[in-house]
Amino acid sequence: MQSVFALVDCNNFYVSCERVFNPKLCGRPVVVLSSNDGCVISRSEEAKAVGVKMGAPLFQIQKLIDTHRVEVYSSNYALYGDMCTRVMDTLRETSPEVEVYSIDEAFIGLSGVTTEQLYAVGRETSERVRKWTGIPVSIGIATTKTLAKVAAHIAKKSSRAEGVVNLVESPYLDAALARVPVENVWGVGRNYARRLKERGICTARELRSAHDGWVRKEMGVAGLRILYELRGTSCLPLEWCPPPKKGITVSRSFGRPVESLEEIREAVAAYVSRAGEKLRRQQLAATTLIVFLATSRFIPESHHAASVVVNLPVPTDITPELIRYAHEGVGHVFRAGHKFKKAGVMLIGLVPVSPIQAGLFDEMNRARARRLMQTVDAVNARMGHDTLRYAGAGLEQNWRARAERRSPGYTTCWNELLTLSPL
DNA sequence: TCTGGGGTCCTAGGACCC
DNA sequence: TCTGGGGTCCTAGGACCC
């Protein structure tokens with residue numbers, strides 16, 4: 001049986017999430033910013049229409065924002081993460097085979113559906129997600145993931161497609177591929193697009209008939225996979241149970257330049273605490289920790305970045321222990337006199353937490369420490385994030401990233417639920 | 001003044017081994 | 001003239017994704 005994939009892609013996801021709880025934003029230009037209120041990472045159609053570019057730094061487009069009275073929001077990941085869960089749960093009504101590909105996209109396996117029914121299933125799915133969650137989606141259906149991506153891309157652009165494009169046994173497949181610029185093909189980024197265009201390959205259709213040997217040489221096996229997928233040979237199976245994580249990173253830009261060792265230590269403790277929570281949620285322990293610090297990369301004259309690898313004697317998921325080693329790392333990378341703009345922690349060498357071998361000279365009572373961590377996590381889950389936190393992470397935390405226009409945690413915080421008032 | 005964060009996979013080259 | 005050959009493992013860097 002030939003495989004069939006649907007790609008469900010939430011339209012302008014972060015903006016759409018804001019609109020669900022604030023309908024006044026509908027029909028208006030709206031953008032959501034990256035962390036530290038830095039760059040535009042989600043735009044409503046109205047914002048795109050007035051010329052707000054993806055990735056634009058806020059300070060560079062301030063005039064545009066003022067002129068067109070664009071609504072600006074800080075990102076609210078608690079809200080978007082929760083809305084993502086609702087969308088994915090809704091998709092599981094359509095098919096049990098759901099691969100959550102990113103916060104706003106999922107592949108669905110539709111191999112059991114007859115070709116005649118595919119479009120109708122797509123429409124039903126789209127309407128259900130809209131009705132149950134308030135999020136508008138575009139859906140592309142095809143025999144490979146790469147073609148499904150192409151289809152969803154067309155669905156998003158076309159006002160006639162009604163949000164669903166089915167390319168399975170479609171007489172329009174050729175014409176559709178001819179209209180897709182090569183840089184919009186999944187897996188073709190800036191660099192490959194440049195090299196392809198130098199060779200006169202400018203559309204998905206032209207890429208499809210490119211020479212295998214040349215693509216293998218220029219783009220490696222990944223390029224070859226793209227080629228086959230465009231030709232209808234499925235190389236990328238659906239992965240509905242996600243493989244375990246290989247690393248966990250927590251890093252943030254500071255709200256202002258930070259020069260003091262004490263504040264860097266606080267920030268790194270806060271980040272590694274967060275990383276520890278993620279580690280425990282996935283029942284993993286880290287064997288290696290990396291701490292890194294950097295000054296602004298936009299001031300090349302004084303740019304300085306450093307990192308240090310700390311090997312942990314016993315794989316661990318215990319926050320105070322992680323903080324201790326992270327602080328040890330800070331001692332190696334910190335240099336007085338630099339204006340640091342960013343810090344981060346990576347945990348790698350992740351192993352399942354259960355059968356950890358204790359070190360010969362390990363003096364920590366790990367069972368006890370783990371029970372403490374469970375209690376801390378449970379309190380924070382119930383009473384709100386950061387209700388209990390380590391003193392080392394600081395109380396004031398005035399190095400924290402800016403988020404001046406964050407919407408309330410409508411779905412994740414008891415104190416911030418939406419309230420309705422009579423007219 | 002102000003410019004995000006978190007991932008994955010692949011490849012080439014060096015070290016090392018027999 | 002001709003300096004072995006073939007593995008494995010690790011790492012850094014590049015490319016990509018959202």
Side-chain angles (χ1 to χ4, degrees), chain A residues 7-14 31-43 53-63 65 72-77 80-81 84 99-107 145-146 149 152-153 156 182-196 215-226 235-236 239 242-258 271 274-275 278-279 282 288 290 292 294-300 303 307 309 339 341-350 400-404 406:
Chain A
L7 176 70
V8 181
D9 194 339
C10 300
N11 300 341
N12 314 329
F13 183 55
Y14 298 167
V31 298
V32 173
L33 302 175
S34 62
S35 158
N36 212 23
D37 292 346
C39 301
V40 172
I41 53 170
S42 182
R43 307 164 293 160
K53 296 274 180 277
M54 188 63 171
L58 178 62
F59 74 95
Q60 282 176 8
I61 56 164
Q62 195 58 57
K63 233 175 130 181
I65 300 281
V72 178
Y73 282 83
S74 305
S75 43
N76 181 346
Y77 284 101
Y80 312 150
C84 169
E99 174 186 338
V100 179
Y101 176 67
S102 73
I103 196 164
D104 67 341
E105 278 174 73
F107 288 101
K145 284 182 164 182
T146 305
K149 277 277 212 178
H153 181 250
K156 202 174 269 196
V182 76
E183 63 268 27
N184 290 338
V185 174
W186 192 34
V188 178
R190 257 218 313 266
N191 287 285
Y192 289 158
R194 179 175 42 76
R195 276 184 259 168
L196 286 165
V215 169
R216 172 68 181 86
K217 188 161 70 63
E218 290 290 315
M219 301 167 69
V221 295
L224 223 40
R225 266 201 296 264
I226 297 171
C235 307
L236 303 165
E239 293 181 22
K245 285 257 181 293
K246 302 195 167 166
I248 289 172
T249 305
V250 176
S251 74
R252 293 282 180 283
S253 293
F254 299 130
R256 55 168 175 81
V258 171
Y271 301 163
R274 185 84 192 82
K278 293 188 186 186
L279 207 52
Q282 298 176 63
T288 304
I290 297 169
F292 57 93
T295 63
S296 170
R297 66 180 198 279
F298 298 98
I299 311 171
H303 183 56
S307 65
V309 178
K339 294 184 194 320
K341 202 62 182 65
K342 180 176 181 168
V345 177
M346 279 172 78
L347 302 177
I348 56 173
L350 306 185
R400 261 193 184 280
R402 285 186 301 272
E404 285 163 9
R406 172 136 65 211

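In what follows, chains are A, B, ... by sequence order, proteins preceding strands, each numbered from 1.
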With sequence neighbours left out, what residues match N76(A) under side-chain hydrogen bond (donor to acceptor under 3.5 Å, both in side chains)? S407(A)
Distance between the C1' atoms of dC18(C) and dC2(B), in whole angstroms? 25 Å
Just call it for R225(A): base, sugar-phosphate, or nothing, with non-hydrogen atoms closer than 4.0 Å on any strand. sugar-phosphate
Over all strands shown, is E105(A) touching base, sugar-phosphate only, or nothing at heavy-atom distances under 4.0 angstrom? sugar-phosphate
Watson-Crick and G-U pairing of DNA chain C written in dot-bracket, each distance under 3.5 angstrom, with | for inter-strand partners: ....||||||||||||||
Identify, with sequence neighbours excluded, every residue that meets side chain to side chain contact (heavy atoms under 4.5 Å, CB included) alongside T295(A). H303(A), H304(A), H338(A), F340(A)
R274(A) near the nucleic acid: base, sugar-phosphate alone, or nothing, with a heavy-atom cut-off under 4.0 Å? nothing
Could you list the residues that satisfy salt bridge (charged side-chain N to carboxylate O under 4.0 Å, His left out) with D37(A), not counting sequence neighbours? none
Nearest-angstrom distance, P atom, dT3(B) to dC17(C): 25 Å
Residue met sooner reading DNA chain B from 5', once K278(A) and P257(A) are mapped to nucleotides: P257(A)
Residue list, side chain to side chain contact (heavy atoms under 4.5 Å, CB included) with F59(A), at least two apart or on another chain: P57(A)
Applying salt bridge (charged side-chain N to carboxylate O under 4.0 Å, His left out) as the test, list every pair that has at least one member in residues 246-258 of chain A; sequence neighbours left out. R256(A)-E263(A)
In short, R402(A) meets N36(A) closest at the heavy-atom pair N-OD1, 2.7 Å
Sugar-phosphate only, base, or nothing, as touched by V40(A) at under 4.0 Å among non-hydrogen atoms: nothing
Could you check whether D104(A) gets within reach of a base, just the sugar-phosphate, or nothing at all, counting any heavy atom under 4.0 Å? sugar-phosphate
Using a 4.0 Å cut-off to any heavy atom of chain A, which nucleotides of DNA chain C are the first and last in contact, reading 5' to 3'? dA15(C) to dC18(C)
Base, sugar-phosphate alone, or nothing: which one does R402(A) contact when heavy atoms must sit under 4.0 Å apart? sugar-phosphate
With a 4.0 Å cut-off on heavy atoms, is K339(A) in touch with a base, just the backbone sugar-phosphate, or nothing at all? nothing
Partner set under side-chain hydrogen bond (donor to acceptor under 3.5 Å, both in side chains) for R274(A), not counting sequence neighbours: E277(A)
Of F59(A) and I248(A), the one whose nearest nucleotide on DNA chain B sits closer to the 5' end is F59(A)
Is the NZ or CZ atom of K342(A) positioned over F254(A)'s six-membered ring, under 6.0 angstrom from the centre and within 45° of the axis? no
The side-chain hydrogen bond (donor to acceptor under 3.5 Å, both in side chains) partners of E183(A) (sequence neighbours excluded) come to K197(A)
Within the structure shown, what part of the strands sits under 4.0 Å from K217(A) by heavy-atom distance: base, sugar-phosphate, or nothing? nothing
Need one value for G55(A): base, sugar-phosphate or nothing, where a base atom within 4.0 Å counts as base even if backbone is also close, heavy atoms only. nothing
